[in-house]
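Working notes, beginning with the structure itself.
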There are 4 protein chains.
Amino acid sequence: MTTARPGRVRSEAARLAILDATRDELAERGYDKLSLDRIAAAAGVGKATIYRWYPHKGALVAEGMLSEHLLPRVPVADTGDVRADVHDWLRASLASLRESEVGGLIRATIAATAEDADVAAQYEARVTSLTRTALSDRLEVGRRAGRIRDDAPIAAMVESLIGTVLLHVLTRREADPAALDAIVGLLFDGVAPTR
Amino acid sequence: MTTARPGRVRSEAARLAILDATRDELAERGYDKLSLDRIAAAAGVGKATIYRWYPHKGALVAEGMLSEHLLPRVPVADTGDVRADVHDWLRASLASLRESEVGGLIRATIAATAEDADVAAQYEARVTSLTRTALSDRLEVGRRAGRIRDDAPIAAMVESLIGTVLLHVLTRREADPAALDAIVGLLFDGVAPTR
Amino acid sequence: MTTARPGRVRSEAARLAILDATRDELAERGYDKLSLDRIAAAAGVGKATIYRWYPHKGALVAEGMLSEHLLPRVPVADTGDVRADVHDWLRASLASLRESEVGGLIRATIAATAEDADVAAQYEARVTSLTRTALSDRLEVGRRAGRIRDDAPIAAMVESLIGTVLLHVLTRREADPAALDAIVGLLFDGVAPTR
Amino acid sequence: MTTARPGRVRSEAARLAILDATRDELAERGYDKLSLDRIAAAAGVGKATIYRWYPHKGALVAEGMLSEHLLPRVPVADTGDVRADVHDWLRASLASLRESEVGGLIRATIAATAEDADVAAQYEARVTSLTRTALSDRLEVGRRAGRIRDDAPIAAMVESLIGTVLLHVLTRREADPAALDAIVGLLFDGVAPTR
DNA sequence: CAGTAACCGAGACGGTACGTCGAGTCTTACA
DNA sequence: TGTAAGACTCGACGTACCGTCTCGGTTACTG
């Protein structure tokens with residue numbers, strides 16, 4: 001039951017213009033060079049309109065991230081072959097970073113996350129958790145199909161996958177196919193001598 | 001044969017005071033709230049002295065990082081048991097983040113790395129590479145000792161370990177002992193069914 | 001019909017605080033040691049507010065001068081005796097320089113005038129011209145009363161009077177009464193032998 | 001008997017290079033934009049060398065002024081006709097200001113004089129006094145020749161002449177020939193009705 | 001359908017920090 | 001001892017943003 005207060009209603013056009021302008025700024029200049037003056041000007045919006053809805057610079061970026069406005073999702077396929085599906089997800093994730101706008105956005109996001117605990121919490125709860133769940137679910141299916149050991153540490157594997165992507169983003173490295181194979185091999189087979 | 005240019009020599013006292021003040025500011029406020037005015041004041045140094053040696057804020061942070069001034073090193077022990085040594089390194093690394101100053105510094109470092117490609121390159125070349133080498137060397141010894149398969153993807157394993165630490169830093173998570181065990185188990189044994 | 005632009009209106013309080021602080025700084029330290037940082041601090045105003053309205057240091061000083069804020073006016077009396085009235089004006093003008101604040105302000109004004117052609121033009125148009133007119137008018141009345149020759153070079157006389165005051169300011173000299181008499185005698189009687 | 005102290009002797013080349021560079025800077029940018037860094041660079045001299053000999057910026061300018069390095073002298077001729085000689089001096093003085101370098105230098109000098117009492121005193125004692133004496137002497141000769149009244153206020157006349165030149169410099173005005181005639185007429189004949 | 005409450009753009013405000021430049025001092029190596 | 005070079009502290013410059021605050025004006029619910 002919406003309260004229906006009196007007064008003018010929030011302008012959706014302004015909201016979207018702000019988020020679009022934020023995304024552009026973030027991709028182009030990064031988080032700490034983000035300027036609300038510039039965003040307001042680019043969005044054709046008064047600065048006060050931004051501050052009416054977002055208390056901090058961080059809050060604005062957080063909203064941008066957890067909407068569709070900032071980051072593309074990389075889906076986890078299910079072809080029946082877990083190992084191949086994980087491999088593909090990893091390859092696709094690293095490939096998406098090659099598109100310069102996506103790489104810039106993710107790095108901006110990481111910077112925001114590093115600087116601001118609230119942003120980090122939002123990000124974890126509403127963005128990373130989706131990826132985490134998607135991977136977990138796929139691995140769980142693989143386990144039930146017998147492609148993964150019953151007692152396998154699935155959560156740890158998800159962590160490793162995400163951590164690997166993160167490290168590649170920060171070090172701005174290429175996604176070397178051989179290295180990809182090595183990672184997937186590692187996670188599935190481990191390094192210990194054959195038991 | 002040093003060139004012996006004319007003119008006053010660079011003040012080592014000023015250099016150290018600047019790096020100390022930078023570390024304190026970084027730990028306390030993070031990378032994007034870093035103020036060179038404040039650093040200069042805290043170091044008892046003119047702002048021009050900072051800019052004489054460091055063209056960007058990023059360059060200053062980079063120098064701070066690759067000296068002993070910013071980050072503690074976590075050594076990799078060799079007790080004969082690779083698995084335990086890796087486990088200990090991971091536990092110690094994650095534990096060091098609990099000390100609030102270290103956590104703040106690392107997050108500031110990550111932000112700097114995300115925002116500035118030069119900083120990232122420096123960091124990779126002079127900091128991460130040390131850890132990477134230390135871990136690789138230890139694993140290599142383990143391999144020669146037969147505790148690790150001959151064809152094991154050691155480089156990938158190192159990546160996974162560092163990526164895991166990174167992800168914990170950014171998400172500000174506790175180092176849950178069970179999760180630690182899971183990660184080490186994963187890396188050594190993989191998730192595939194027993195061959 | 002005033003244009004009524006959008007946006008917040010200019011703060012009159014800030015404008016006056018800036019001019020007052022400028023006057024104080026100018027009297028105390030002179031034109032080239034004038035610091036906009038100090039003015040802003042003394043006026044309780046952001047530096048940007050000064051720069052928003054005055055593009056140069058010179059423009060600020062110019063505005064200060066042509067308002068009542070910087071210089072006192074010395075009136076030209078009309079007692080019926082031109083010679084005495086001019087004498088009094090000259091004495092009063094030179095006397096006012098003895099008050100340390102006025103002397104400092106005038107010297108600052110002269111420095112501003114010497115350094116900046118725009119300031120000089122403003123000063124001529126809106127300050128000196130008032131004195132020039134006041135003296136001219138009084139002398140013209142004296143001419144009509146027959147106390148001054150019909151073909152007397154009134155404009156040149158005004159120039160001489162102002163130039164004399166100026167020279168005293170710059171050389172920081174006392175207003176010697178005998179010298180005053182001599183100047184007035186010179187201007188009325190000339191130096192040529194009696195015709 | 002020169003004392004012949006030990007050590008290297010003062011470099012005359014450096015002294016002259018400094019004064020030349022000072023004159024150029026002063027003519028081009030004026031007193032308050034004078035930069036000792038720039039002077040030192042232009043003169044090929046260390047900044048310390050300037051400060052060894054001149055305690056303040058003002059002292060350097062003062063020395064420049066009272067040497068031949070800054071200002072041209074306008075001589076006072078003696079053709080037998082005082083009135084014409086004074087007229088010519090005034091015309092030549094005002095004409096010299098038209099040369100842009102001289103005008104700039106004089107205005108810089110005035111600014112220096114207005115800002116710094118020491119400079120003003122030096123200037124009065126070593127520059128203006130020369131002009132003052134030259135004019136006084138010529139007028140005195142005229143008096144002895146009967147072209148000027150015995151009781152004429154010669155000092156006041158000199159003041160008026162110098163004051164007039166000063167006012168023209170500051171107001172950046174043309175030397176209008178008719179105005180020149182008027183001034184000379186004023187000083188010789190006064191404005192009072194014929195006695 | 002008039003009031004009025006909440007919104008909107010524009011843009012000025014007090015501040016903080018930026019990166020640069022200049023003043024005046026000090027420290028080298030060399031002459 | 002004097003000199004060129006150049007690093008030093010201090011402080012001002014003029015610009016850019018921050019987050020706040022009026023302005024005049026626009027919706028849209030409410031009495």
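Bear in mind that the values here come from a model prediction, so they are computed numbers and not experimental data. A, B, ... follow the sequence lines: proteins, then strands. Residue 1 opens every chain.
Taking the side chain of Val9(A) as heavy atoms from C-beta on, and the options dC8(E), dT9(F), dA28(F), the nearest nucleotide is dA28(F). Taking only side-chain atoms of Arg52(C), from C-beta outward, the nucleotide of dG22(E), dG9(E), dC13(E) with the closest atom is dC13(E).
Residue Ser11(A) is in sugar-phosphate contact alone, with no base atom involved, counting any heavy-atom pair closer than 4.0 Å across all strands shown. Residue contacts for Lys57(D): at a heavy-atom cut-off of 4.0 Å it reaches the sugar-phosphate backbone alone, with no base atom in range.
Taking only distance into account, the side chain of Lys47(A) never meets the base of dG11(E) through a donor-acceptor pair shorter than 3.5 Å.
Contact annotation: Thr49(A) side-chain N/O to dC7(E) OP1/OP2 distance is not under 4.0 Å. Between Trp53(A) and dA6(E) there is no side-chain polar atom (N or O) within less than 4.0 angstrom of OP1 or OP2. Side-chain nitrogen and oxygen atoms of Arg8(A) include none within less than 4.0 Å of the OP1 or OP2 phosphate oxygen of dA5(E).
Going from atom OH of Tyr51(C) over to atom C1' of dC18(E) covers 14 Å, rounded to whole Å. Atom CG of Leu60(C) and atom P of dC13(F) are 11 Å apart (whole Å). Atom C1' of nucleotide dC23(F) and atom CD of Glu12(C) are separated by 17 Å, given to the nearest angstrom. Following rounding to the nearest Å, His56(C) (NE2) and dT15(F) (P) show an atom-to-atom distance of 10 Å. In this structure, the CD1 atom of Ile50(B) is 13 Å from the C1' atom of dC8(F), given to the nearest Å.
Within a heavy-atom distance below 4.0 Å of DNA chain F, the residues of residues 28-43 of chain C found are Leu34(C), Ser35(C), Leu36(C), Asp37(C), Arg38(C). DNA chain F is contacted by no residue of residues 114-123 of chain C, taking any non-hydrogen atom closer than 4.0 Å.
Between Ile50(B) and Thr22(B) there is no side-chain heavy-atom pair separated by less than 4.5 Å. Within the 4.5 Å cutoff, the side chain of Asp24(C) has no heavy atoms near those of the Ile39(C) side chain.
For Arg10(B), the CZ atom is densely surrounded, since the number of other residues' heavy atoms within 6.0 Å is greater than 12.
Here the side chain of Glu115(B) pairs a donor or acceptor atom with the backbone of Asp32(A) at under 3.5 angstrom.
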